[in-house]
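Quick notes on the structure that follows.
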Amino acid sequence: MPALYATPEEYTLMTGDSSSNKERVSLVLSEQSAKLRAVVGIPMGRKLSQDQAEMARSLVIDAARKQLITPSFDGLGDVSGAKQASFSADGFQGSYTFANPSGSAYFDGSMLRAFKRSLRPSQSMRSIMPSIGTGARR
């Protein structure tokens with residue numbers, strides 16, 4: 001069975017989203033775990049270090065949250081799909097612009113870069129000893 005980097009319980013604890021259906025959360029976490037493996041090239045069965053596992057959990061939960069929770073603001077009602085919302089009252093004005101109105105899941109760029117760096121093997125120093133006296137003998 002492929003590695004699932006986060007559980008529905010961890011998702012609920014980290015996001016505070018207790019209203020999403022647990023089966024749907026589990027499915028989205030599974031999809032995002034598979035996507036993370038594909039994006040960074042983690043071979044099946046590779047064991048991650050504790051730091052790597054925590055970064056993978058964070059990436060998967062954050063991406064799942066972006067897919068499962070529709071952005072909304074108190075007082076403005078459901079503004080899903082909006083690119084911008086604004087209001088004014090008694091000289092007070094507010095404006096909001098959504099960066100991800102579609103509910104698409106994507107990985108946080110800086111965390112993804114750090115995770116990819118952690119997966120690279122450590123660099124080691126090597127030297128090549130030149131052959132001495134390689135000329136042909138007569």
Side-chain angles (χ1 to χ4, degrees):
M1 176 173 213
L4 185 67
Y5 295 122
T7 65
E9 293 77 21
E10 291 169 330
Y11 169 84
T12 301
L13 182 65
M14 287 184 71
T15 64
D17 176 18
S18 58
S19 62
S20 292
N21 177 296
K22 290 232 186 260
E23 289 175 7
R24 183 166 183 233
V25 169
S26 184
L27 177 64
V28 170
L29 291 172
S30 178
E31 289 172 348
Q32 294 308 312
S33 293
K35 182 171 124 182
L36 181 62
R37 281 191 302 279
V39 166
V40 299
I42 301 172
M44 292 299 283
R46 176 171 178 180
K47 182 145 173 66
L48 300 178
S49 71
Q50 183 176 350
D51 286 345
Q52 291 168 337
E54 288 183 23
M55 284 190 280
R57 179 181 306 112
S58 177
L59 284 162
V60 166
I61 288 174
D62 182 55
R65 180 190 56 78
K66 291 170 185 163
Q67 185 172 345
L68 292 167
I69 299 175
T70 303
S72 65
F73 292 100
D74 291 339
L76 294 179
D78 181 16
V79 289
S80 59
K83 292 187 175 159
Q84 185 174 353
S86 62
F87 65 91
S88 68
D90 295 330
F92 178 77
Q93 296 180 11
S95 178
Y96 303 99
T97 301
F98 292 101
N100 185 28
S102 65
S104 297
Y106 59 91
F107 296 125
D108 174 72
S110 65
M111 179 71 83
L112 185 60
R113 282 189 298 279
F115 185 60
K116 284 180 178 180
R117 274 193 305 273
S118 77
L119 291 171
R120 283 190 229 138
S122 62
Q123 296 180 0
S124 59
M125 182 180 241
R126 296 180 185 176
S127 64
I128 300 173
M129 186 172 205
S131 298
I132 299 175
T134 59
R137 287 188 169 191
R138 292 189 190 206

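Residues V28 and L13 do not share a hydrophobic cluster, defined by chaining ILVMFWY side chains whose heavy atoms lie under 4.5 Å apart.
Separation of atoms CZ (R65) and OG1 (T12) is listed at 13.5 Å; rounding is to 0.5 Å. To the nearest 0.5 Å, atom CD of residue E31 and atom CG of residue L4 are 11.0 Å apart. A distance of 10.5 Å separates CG in L59 from NZ in K35, rounded to the nearest 0.5 Å. The distance from atom OG1 of T15 to atom CG of L68, rounded to the nearest 0.5 Å, is 8.5 Å. Summarising the geometry, atom CD belonging to Q32 is positioned 11.5 Å from atom CD1 belonging to I61; distances are rounded to the nearest 0.5 Å.
By the neighbour-count criterion of 12 heavy atoms within 6.0 Å, atom CD of Q50 is sparsely surrounded, having that number or fewer from other residues, nucleotides or ligands.
Of the possible donor and acceptor atoms, none in the side chain of S30 sits under 3.5 Å from a partner among the backbone N and O of S26.
Heavy-atom minimum distance, L48 versus A53: CB-N, 4.0 Å. Closest approach of Q67 and R24 over heavy atoms only: O-NH2, 4.3 Å.
Contact annotation: the side chain of L119 approaches that of Q52 to within less than 4.5 Å [non-hydrogen atoms, C-beta and beyond]. Contact annotation: the side chain of T7 never approaches that of L29 to less than 4.5 Å [non-hydrogen atoms, C-beta and beyond].
Taking Y5 as the reference, nothing meets the side-chain hydrogen bond (donor to acceptor under 3.5 Å, both in side chains) condition, with sequence neighbours excluded.
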